[in-house]
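Presented below is the structure to which this report refers.
Protein chains get the first letters and strands the later ones, always in sequence-line order, with residue 1 at the start of each.
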2 protein chains.
Amino acid sequence: MNERDKGTEEKIVQAARAVFLRKGYNGARMQEIADEAGTNKALLHYYFRSKDRLFEVIFLQSFSQFFPKVSTILTGNEPLPVKVVSFVEHYIDLLRENPYLPQFILSEVSRDPESVPRLFQAAGLNPEWFMGQLANIGQGVFPPGSDVRHFILNMLSMCIFPFAARPLLTRVMFSGDDAAYENFLDQRKREVSSACLQLLSPTAGQR
Amino acid sequence: MNERDKGTEEKIVQAARAVFLRKGYNGARMQEIADEAGTNKALLHYYFRSKDRLFEVIFLQSFSQFFPKVSTILTGNEPLPVKVVSFVEHYIDLLRENPYLPQFILSEVSRDPESVPRLFQAAGLNPEWFMGQLANIGQGVFPPGSDVRHFILNMLSMCIFPFAARPLLTRVMFSGDDAAYENFLDQRKREVSSACLQLLSPTAGQR
DNA sequence: GTCTATATCGGGATAGAC
DNA sequence: GTCTATCCCGATATAGAC
């Protein structure tokens with residue numbers, strides 16, 4: 001794999017990413033990837049041995065993209081609300097630039113759940129450490145009996161679901177007007193931030 | 001299609017539902033459905049002409065299941081918070097009984113977004129009317145400038161996402177301990193209800 | 001209605017020329 | 001490294017006996 005390969009190999013990777021993200025592993029065709037890359041099927045097999053291996057490259061890339069480098073956010077000194085708002089805004093920006101990412105990750109993980117530990121390993125991420133950090137941060141903010149995970153999950157749900165369900169929501173909530181939904185998503189950085197802050201603020205005996 | 005058919009035809013439908021829901025259209029195999037139904041491929045084609053038509057039956061069923069008959073909730077006389085809690089509890093119950101439903105609907109709609117209007121039609125549902133009702137209910141509860149849809153979407157996100165992302169979340173948040181995640185989901189009826197109520201209660205100038 | 005055997009085709013993978 | 005032609009298997013769909 002010398003330098004001169006990089007041109008076509010990179011073209012193939014980009015094409016594969018575009019097709020796999022839209023169609024998923026089962027829906028994607030090697031022929032379509034070749035077309036999109038402006039070459040032929042044989043070259044795909046020359047650079048990557050099989051459809052499986054090519055997919056693995058894309059899946060791993062996407063996976064580590066989907067789990068952002070939150071280390072900096074977690075280990076920062078800012079108070080929790082600031083961290084939350086910062087996370088929400090950055091993450092929704094990321095998803096707006098990669099609209100197919102959520103549905104892709106969800107589908108493919110559900111197709112092959114066993115791959116998750118390996119992917120974390122390969123991406124250099126450690127879920128246990130991650131959850132541990134969250135538990136620490138939650139100290140004193142959440143009532144002792146409560147589970148920080150519910151708050152985290154609420155936050156992630158509100159960020160990710162609108163993108164994963166986009167084709168459906170566009171038609172249900174905006175009669176198929178895609179531009180209107182795009183505009184709606186634009187407001188969500190502020191909406192979700194606001195909602196998360198509200199969930200953080202202690203209220204009288206809600207649970 | 002007389003009465004005596006019903007035995008095997010129904011078996012096939014059940015088998016098809018099980019396989020399609022788990023594997024999706026592209027991942028499902030007619031052979032696997034036949035096996036699960038305890039018959040052979042030829043019979044599938046005898047009752048339903050093609051894989052497409054068989055899938056269509058399952059998709060339509062699942063779609064109308066996913067969009068619950070909320071008419072009764074919407075048109076009831078109870079105050080909004082009561083309606084919200086009632087919806088959340090019933091809906092999460094539904095998803096716990098049909099864990100594959102969210103991922104299935106999301107995947108298949110994303111595979112063929114154009115099918116959505118036809119599905120609504122066939123299921124006897126009307127999105128426009130639905131959104132209109134929501135707007136009415138929102139009168140006076142939400143500030144004039146705000147969009148009720150954000151609240152609705154937040155609620156749906158917190159209900160649905162934990163199921164759509166289950167294979168991922170089980171491994172990230174609970175190290176793959178499936179029973180622990182099941183237990184966690186059990187708490188969410190109360191958690192999500194509580195969160196929605198908190199989002200409804202007016203707080204000083206959050207937006 | 002139910003089954004076995006088979007036709008037909010699409011798509012992943014390889015051979016081999018250049 | 002790049003291309004064309006081809007192999008081969010798996011999956012949908014059908015024919016036809018019972």
Pair A:Phe67, A:Phe120 - check ring pair (Phe, Tyr, Trp, His ring centres under 6.0 Å), show working. CA-CA 9 Å; A:Phe67 286 87; A:Phe120 272 117; 5.1 Å; yes
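Distances shown here put every side-chain N or O of A:Thr39 at or beyond 4.0 Å from the OP1 or OP2 atom of D:dC3. In this structure, B:Tyr47 reaches the C:dT2 phosphate: one of its side-chain N or O atoms is under 4.0 Å from OP1 or OP2.
Atom C1' of nucleotide D:dA13 and atom CG of B:Leu43 are separated by 14 Å, given to the nearest angstrom. Rounded to an integer number of Å, the gap from A:Glu32 CD to C:dG10 P is 15 Å.
In summary, B:Arg111 and B:Glu108 engage in a salt bridge, as defined by a charged side-chain N under 4.0 Å from a carboxylate O. Taking a cutoff of 4.0 Å between a charged side-chain nitrogen and a carboxylate oxygen, B:Arg190 and B:Glu89 do not qualify as a salt bridge.
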Strictly under 4.0 angstrom, non-hydrogen atoms only: write out the protein contact profile of nucleotides 11-18 of chain C, one letter per nucleotide from the 5' end, B, S or -. SBBBB---
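Side-chain polar atoms of B:Thr8 and B:Tyr47 form a donor-acceptor pair below 3.5 angstrom. Side-chain atoms of A:Ser107 and A:Gln103 form a donor-acceptor pair, as typed in the model, at a separation below 3.5 Å.
Distance alone, capped at 3.5 Å, places no donor-acceptor pair between the A:Arg171 side chain and the B:Pro117 backbone.
Using cut-offs of 30° and 60° for the angle between ring planes, the A:Phe151 and A:Phe142 rings count as tilted.
Near DNA chain D, defined here as any heavy-atom distance below 4.0 Å, there are no residues from residues 17-26 of chain B.
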Show me, pair by pair, the donor-acceptor contacts under 3.5 angstrom made by side chains of residues 76-88 of chain B, not counting sequence neighbours?
unit_1	atom_1	unit_2	atom_2	d
B:Lys83	NZ	B:Leu74	O	2.8
B:Lys83	NZ	B:Gly76	O	3.2

